[in-house]
Amino acid sequence: MQLKDSANSRIRSAHMDKKVKVRFAPSPTGDLHVGNIRTALFDWAYARHTGGTFLFRIEDTDTTRVTDEYIQAAIDTLKWLGLTWDEGPEVGGDNGPYLQSQRLDIYATWAQKFLDQKDAYYCYCTPVELEARREAQRAANVAPGYDGACRDLTQEQISDYKAQGRDAVVRMRMPDGSTTFVDQIRGEVSFDHKFVPDFVLVRGDGSPLYTLAVAVDDILMKVTHILRGEDLLSSTPRQIRVYQAMGIKLEDYPLFAHLPFVMGQDNTKLSKRNGEVSIAWYREQGYLPEAICNYLALLGWSPGEDRENVTMKELCELFTVEKVHSSPARFDMKKLEAINGDKIRALTLDDFLAWSLPFLEKAGVITGTQPEIDLVRSALPIIQERIVRLSEIPQMLKFLFVENFEVDADCISKITDDASKAVLKRALKELEALSQWNHDSIEGALRSSLIEELGLKPRVAFGSVRIATTGSTISPPLFESMELLGKEASLARITAALAL
RNA sequence: GGCCCCGUCGUCUAGCGGCCUAGGACUCUGGCUUCUCAAGUCAGCUACGAGGGUUCGAAUCCCUUCGGGGCUACCA
């Protein structure tokens, strides 16, 4: 099967008249991770860029590893990220069902057809036998793979195996020759069939494998572009083999584009060992969907023109497969944080409030009453440029809500010396006299008394007041914080500090 | 081992034969600003894996080599 440039251009031109349909087809054997999401994002962006269809399909043919919880989690994660699909679970479509476990009869029909056509055959080798032969191949330094033992079984041999009660798998016959296809990112890629052994389509128990289901579904669901991880690159010849057996015309083959990996810090495939990979974790940590998508989009792709910050809308406008490159990228948490900080700063007050409340409630800082929400709302502007993750909000605003206020243990010694006591005493006196309580009046009073009259350095003078009122050396701007805290509480805290 | 993919600052990238004494961003370092922390701003550090070609000219094209990764399942 040669699928060289001329064929590629035939497929491409055939596709020009067709509406683009891109699919994201994860196998939910765990929470969706960073790599899955980058793939989903590119799939989605390309579909949106071309005005095509984004199809979401669940590949749950491995029933021992896929669970309903993971399937639901995958659906939720995509929704949370805003990667909405046009065909798939929950929304339906003309090519469903979209769970492979609900399409078993379809795969069985095709497998039978391949058997009838002699494209596939029953293989009675047991896993133990296969493993032993592979071991021997390795020892003999021969490419391991199925040796074709059951390719041309006689009736006798078959009855013999059946009599032994052996299960048979359905195996695809790989003809001699090679498969060449044009990857839209990597260019022409070629595999000699010597290194693509006959592969299993249907298990001994009659259930289909990925190799069968993925190819059948992409064709039946009329997928035009397959953008997926590069780990699937070497399985492409098998997929193309199934298209052939299905009798699909060359121009109806989907176009392949294998995306580069997202690697961990230690330059191995991202896993739990070398960083947080579950999107659920990022959600809990207070990363915004738009920040995650923006950052992930930069892994293997670039908007160009020295630009990095893009909205989801801009991503859709700018994204093309041609600009994706072929080399793997390393995941960098620091940069994600920087982008998350940018996105948080760009939030409107209403949006920021909406994102903040769940974190404050979960941390037990507020219960959700209207007065609390009002206070949060007025406090958010002074912390907006000080956080990179939403999960930092409770810590920053806690001082406004705690009932039994206490100064951080490691800060107490910094305000118990004589000099600090003098500062606090004077501050208390000045503040008590204030008739107006806002950050201007507070600042005016403290500046004229502590800085001008006592001649103290601002950082020294305000530092003591900061610790006394907010409990820490690090806080939002002091005068605004005191305004939000209120006169009564501010004075009470300074008084309490003097008693330490 | 075999097959396949990949190789520009520490990291993500721009670059697609002359605009490159290689640009941007993150990180790091130093300065400014400053009530702390941030934010903002200025500056600095640091890269075309190596070796051969092709060419008047190469980060850009070719070859070799080295390095990294993936696959090699009745996983996907």
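Order of the sequence lines sets the chain letters (A, B, ...), proteins ahead of strands, with each chain counted from 1.
With sequence neighbours left out, the side chain to side chain contact (heavy atoms under 4.5 Å, CB included) criterion links A/T109 to no other residue. Remark: A/K343 engages A/N294, A/N309 in a side-chain hydrogen bond (donor to acceptor under 3.5 Å, both in side chains) (not counting sequence neighbours). The ring-ring contact (aromatic ring centres under 6.0 Å, His included) search around A/Y46 returns A/H225, not counting sequence neighbours. In this structure A/F462 satisfies the ring-ring contact (aromatic ring centres under 6.0 Å, His included) test together with A/F479, sequence neighbours excluded. Residues passing the ring-ring contact (aromatic ring centres under 6.0 Å, His included) test with A/Y161, sequence neighbours excluded: A/Y124. The side chain to side chain contact (heavy atoms under 4.5 Å, CB included) search around A/E131 returns A/R134, A/E135, A/R138, not counting sequence neighbours. Residues passing the side chain to side chain contact (heavy atoms under 4.5 Å, CB included) test with A/V200, sequence neighbours excluded: A/V169, A/R171, A/L209. Partners of A/A73 according to the side chain to side chain contact (heavy atoms under 4.5 Å, CB included) rule, which considers only residues two or more places apart in sequence or in another chain, are A/D31.
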Could you run through nucleotides 41-47 of chain B and give me one letter per nucleotide, 5' to 3': B if any protein heavy atom sits under 4.0 Å from the base, S if only the sugar-phosphate is that close, - if neither? -------
Could you run down nucleotides 31-37 of chain B 5' to 3' and tag each one B, S or - for protein heavy-atom contact under 4.0 Å? ----BBB
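Pairs of residues two or more places apart, or lying in two chains, that qualify as salt bridge (charged side-chain N to carboxylate O under 4.0 Å, His left out) and include a residue from residues 202-220 of chain A are A/R23-A/D218, A/R57-A/D217, A/R57-A/D218, A/R103-A/D217.
Side chain of A/Q384 to backbone of A/P381: no donor-acceptor contact under 3.5 angstrom is found.
For the segment residues 335-346 of chain A, residues with any heavy atom less than 4.0 angstrom from an atom of RNA chain B are, sorted by number, A/K335, A/A338, A/R345.
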